[in-house]
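Everything below concerns the one structure shown next.
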There are 2 protein chains.
Amino acid sequence: MLSLVEENYLKTIYHLSEGGREQVSTNAIADAINTKPASVSDMIQRLDRKGVINYTKYQGVKVTGEGQEAALKVIRKHRLWEVFLVEHLNFSWDEVHEVAEQLEHIKSPLLIERLDAFLGHPKVDPHGDPIPDAKGVIRAKPQQPLQQLTVGSQGVIRAVKDSSPAFLQHLDKLGAYLGARVKVIETVDFDNSMQILIDRTTPVFISNQVAENILVEESE
Amino acid sequence: MLSLVEENYLKTIYHLSEGGREQVSTNAIADAINTKPASVSDMIQRLDRKGVINYTKYQGVKVTGEGQEAALKVIRKHRLWEVFLVEHLNFSWDEVHEVAEQLEHIKSPLLIERLDAFLGHPKVDPHGDPIPDAKGVIRAKPQQPLQQLTVGSQGVIRAVKDSSPAFLQHLDKLGAYLGARVKVIETVDFDNSMQILIDRTTPVFISNQVAENILVEESE
DNA sequence: TAGAATATTTAGATTGATCTAAAAATAATT
DNA sequence: AATTATTTTTAGATCAATCTAAATATTCTA
């Protein structure tokens, strides 16, 4: 059984290692969790003893299978609560996080399964991040900035990073919306802009900034 | 700012002093909170320093005004969460408590006001206990077993202690339901049974056991 | 590759929350 | 009122989580 603080460390380490890095460094954890490296050093030794991470002195840590399972449970709770807060309590995207940070530590398997059912088993949270199921399996495909798609590949718009009125209005003008299909026709190396097809209609140009802020789920 | 543990102590002390006792003893707190008197002794000195209780050595403690306010906030949260769990997540009365014990410590005024609105500003929780408003004011009148009403007094059925199908069916047969008006016509000393009027119709007899399990809000 | 810079760990302290054992105060009883 | 029993408090330890300062490793760079 992990304490609230241990859960937070584990979750942070899991997130840090998502970015591809094999071993997560002490300093990176300290930065992310807003604490001192000395405290992290202590804690990762404790988490190693508990079997949720593998720790080798001076070489950073790596989440174990057991650790991943535990981390995904916390992440599942966090994201389900976010859906609840936004869809039923009228929270906006930016108000949601710190409350979900607290709610994610409530311990009750029954609660979380009932909440999941109440919400209609959502697959993604309000930020577009996938919600693992009770077994830790992530069904939704990971989302990536449209910018990263290559010529010829297709996807569906699932979320936006920037939710300012200016940006949303621009999307509207382009004919882009959540759920719209997009296909990359051409990319321009010079300025990283791209030409895309939205819902198989006429091609439109979008700038690098716009493409970075549209999250798509790749298909095929 | 109180810690989670301090909140639990304060809430417990508040509840213990509800039962009329002026000064709450160290041992009573230890019993209620399932801890040792020595730990309580430490803690009540800390709570005294924080101004939420008044402590005099060997004489027990008393909640201050500030303390009462803090305790009522926690109780408000607990009871609102109970309403949510029962009405929206299909929890039964007995499954609710330990989850609400955790949820009551979530710190977010916005969350609790939004939850309150979402639930339709309920005045009582699923056990019939009153929910204080945001300022700590209790609007609902306290509920008592129908058994305790005297001849001639009236009330409204607000809750039941026993929620077994057998009991609920019996109530149905009597014509009793949540919100029904009742008036006590006669009480029988011998077996503590009583004759009551439900919604001003024909009088019915109910046994001691039934009268104990119906909670009413007295009126007039 | 040697020295400098950076990252990491250890040592030692502190705070919150708890415990056991012993001391002190209050309450009960003969 | 004196003694006994009970309650409460204090003293001293322990564990989780954190910190600062110092020691040790690793990495970078000239």
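Chain identifiers are assigned alphabetically (A, B, ...) following the order of the sequence lines, protein sequences preceding nucleic acid strands; residue numbering begins at 1 within each chain. These numbers come from the heavy atoms of this one structure, side chains and all, not from hydrogens, waters or symmetry mates.
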Whole-Å distance separating the CD atom of Gln45(B) from the C1' atom of dA11(D):
13 Å
Ala38(A) has its side chain closest, among dC19(C), dT8(D), dT20(D), to dT20(D)
If the condition is side chain to side chain donor-acceptor pair (under 3.5 Å), which residues does Asp191(A) pass it with, not counting sequence neighbours?
Ser193(A)
Residues within residues 29-37 of chain A bordering DNA chain C, heavy-atom distance below 4.0 Å
Pro37(A)
Please test His97(B) against His78(B) for ring-ring contact (aromatic ring centres under 6.0 Å, His included), starting from the C-alpha separation and ending with a verdict.
CA-CA 9 Å; His97(B) 189 72; His78(B) 183 105; 4.9 Å; yes
Quick note, Asn27(B) side chain, CB onward, closest among dT7(D), dT10(D), dT18(D) is dT7(D)
List the residues meeting salt bridge (Lys or Arg N to Asp or Glu O under 4.0 Å) with Asp129(B), not counting sequence neighbours, and say none if there are none.
none
Using atom CG of Asp42(B) as one end and atom P of dG12(D) as the other, report the distance to the nearest whole Å.
14 Å
Which distance, rounded to the nearest 0.5 Å, do you find between the CD1 of Ile44(A) and the CD1 of Ile53(A)?
6.0 Å
Expressed as a whole number of angstroms, how long is the span from Met43(B):CE to dT10(D):P?
16 Å
State which residues pass side chain to side chain donor-acceptor pair (under 3.5 Å) with Ser219(B); sequence neighbours excluded, sorted by chain then number.
Arg181(B)
Would you jot down, in residue-number order, the residues of residues 2-10 of chain A having a non-hydrogen atom under 4.0 Å from DNA chain D?
Ser3(A), Val5(A), Glu6(A), Tyr9(A)
Contact class for Thr26(B) vs. all strands (heavy atom < 4.0 Å): base, sugar-phosphate, or nothing?
sugar-phosphate
Mind checking salt bridge (Lys or Arg N to Asp or Glu O under 4.0 Å) for Glu87(B) and listing every partner two or more places apart, or none if nothing turns up?
none
Taking only residues two or more places apart in sequence, or in another chain, which ones meet Asp133(A) in a side chain to side chain donor-acceptor pair (under 3.5 Å)?
Arg139(A)
Test of understanding: with side chain to side chain donor-acceptor pair (under 3.5 Å), list the residues that count as partners of His121(A), not counting sequence neighbours.
Asp116(A)
What is the distance, to the nearest angstrom, from the CD1 atom on Ile44(B) to the C1' atom on dT18(C)?
15 Å
According to salt bridge (Lys or Arg N to Asp or Glu O under 4.0 Å), who are the partners of Lys11(A), at least two apart in sequence or on a separate chain?
Glu101(A), Glu104(A)
Is the distance from OP1 or OP2 of dT8(C) to the nearest side-chain N or O of Ser41(A) less than 4.0 Å?
no
For nucleotides 23-28 of chain C, list the nitrogen or oxygen atoms of the protein found under 3.5 Å from its nitrogen or oxygen atoms, one pair per line.
from	atom 1	to	atom 2	distance (Å)
dA25(C)	O4'	Tyr58(B)	OH	3.3

Can you pull the side chain to side chain donor-acceptor pair (under 3.5 Å) pairs that have at least one residue in residues 27-39 of chain A, sequence neighbours excluded?
none
Check salt bridge (Lys or Arg N to Asp or Glu O under 4.0 Å) between Lys50(A) and all other residues, then give those that pass, not counting sequence neighbours.
Glu6(A)
